[in-house]
Structures are given as C-alpha cells and as structure tokens.
Amino acid sequence: MRIAFASDHAAIELRTVLMDFVADLGHEVLDLGTKSRESCDYPDFARAGAEALQAGRAERAILICGTGQGMAMTANRFAGVRCCACSDVYSARMSRAHNDANALALGARVVAAGLACEIVEVWLRTSFEGGRHSRRVAKIAAV
Ligand code: RB5
C-alpha cells in the first residue's frame, strides 16, 4: 500500500521512525511533512493527509501530533476519511476490523516508539470484516 504520513513539530522523530518501519514492512511512504522543527499548526498537516486519501494518492494515512487528538478531530471533517486516535493495539485492530479506518492518529507524547510500531503494524495488517459493519460504516458517511 501507499501510506501517507504527516505530523506537526511535536512528532517529527516518531514520524521518522514509523516511516522507516512501514517502508521495511514493504509499503510505499508518502511524506507530507512537516519538515521543520519550528512550531506549526497540526490542522494543516491533518488536511494534507486527508486530502491525499480523498485524491487517491494514498490508501491509508498516519497522522501524528502530540496527542493524536487534534489530528483525528481535523481529519474526520473530510468526507470519506475515518480516522481513529489509538494508543493501544486492541483499538487499532478493531478500528480496521469494524470501522474500516483509513487514517490512524497517534500521539508522540502518549505512545513510545516501540508501542507505536506495534500499533501501526496491526493497523496495517488487519482487514475490514465487512458484513454488518459495512451497513454501520455507510451510516457514518450518511450523517
Ligand atoms: C502541540 O503542542 C500540540 O498541541 C499538538 O501536537 C497536538 O497534541 C494537538 O492535538
């Protein structure tokens, strides 16, 4: 898959670790910044990731800020984007299996790099179960 990555200044290190990790898993990485350590606004980078999904330039997006919360709040305002903020492996797995999440938000000040890699690997490997969950996911889009 092609995976878009975007972060604010608070998560440059974790983004770098995760981009290398995901490339080692055999995925293509689309790096949407931020490139600079200067303080910036997370909605600008959530937008970049969400628009990459909407345009089909990436199949999944991983959005990282201090907590993951601002990234998720912003990304979920874009039609067709289903973003989960996860700090545990179970939620990451279920966000794919039941919610067909196409964006994952992580908090660099919440999860250590090792756990973040585990969350990302499970999130990328887990398939949507479909069935009754398809009806529910369709209702999200219809809200
Ligand atoms: C930046 O200090 C911080 O507010 C941001 O990274 C993020 O946690 C917002 O949700």
Side-chain angles (χ1 to χ4, degrees), residues 1-129 133-143:
M1 288 188 285
R2 186 184 294 160
I3 318 293
F5 277 85
S7 81
D8 69 0
H9 57 283
I12 291 180
E13 286 79 9
L14 183 57
R15 188 175 100 249
T16 305
V17 166
L18 290 177
M19 288 191 302
D20 288 348
F21 178 72
V22 160
D24 285 348
L25 291 179
H27 299 287
E28 201 181 322
V29 165
L30 175 64
D31 183 10
L32 301 173
T34 181
K35 308 277 185 217
S36 150
R37 276 165 207 285
E38 243 173 73
S39 181
C40 62
D41 299 336
Y42 60 82
D44 297 334
F45 294 91
R47 168 187 286 272
E51 288 180 344
L53 286 175
Q54 286 183 322
R57 286 189 287 119
E59 290 158 85
R60 305 273 188 90
I62 297 178
L63 309 172
I64 320 164
C65 60
T67 60
Q69 303 303 331
M71 285 295 200
M73 288 178 196
T74 310
N76 281 321
R77 296 184 60 83
F78 289 77
V81 176
R82 292 177 300 281
C83 184
C84 54
C86 290
S87 50
D88 68 278
V89 171
Y90 177 79
S91 300
R93 179 181 299 115
M94 298 313 282
S95 79
R96 287 289 312 133
H98 287 192
N99 312 114
D100 199 18
N102 53 8
L104 170 67
L106 294 167
R109 295 172 181 159
V110 180
V111 289
L115 176 57
C117 288
E118 220 174 307
I119 289 170
V120 163
E121 183 165 10
V122 164
W123 188 74
L124 291 176
R125 287 195 197 283
T126 304
S127 299
F128 179 47
E129 286 178 10
H133 303 297
S134 299
R135 183 182 69 243
R136 295 164 184 169
V137 169
K139 286 187 177 183
I140 298 175
V143 167

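First listed ligand is number 1; within each ligand, the first listed atom is number 1. Values below: all heavy atoms of this structure, side chains included; hydrogens, waters and symmetry mates excluded. For clarity, every value in this text was computed on a predicted model and none was experimentally measured.
Protein residues with a heavy atom under 4.0 Å from ligand 1 are D8, A10, Y42, C65, G66, T67, G70, R109.
No more than 12 heavy atoms of other residues, nucleotides or ligands lie within 6.0 Å of CZ in R77, so this atom counts as exposed by the packing criterion. Within a 6.0 Å radius of CZ in R47, other residues, nucleotides and ligands contribute 12 heavy atoms or fewer. In the displayed structure, K35 atom NZ is contacted under 6.0 Å by more than 12 heavy atoms of other residues, nucleotides or ligands.
For T126, the side-chain contact (heavy atoms from CB on, under 4.5 Å) partners at least two apart in sequence or on another chain are R93, R96, A97, V122.
Within the 3.5 Å criterion, the main-chain N or O of A101 finds no donor-acceptor partner in the side chain of N99.
For the atom pair L30 CG and I3 CD1, the distance stands at 10.0 Å (nearest 0.5 Å).
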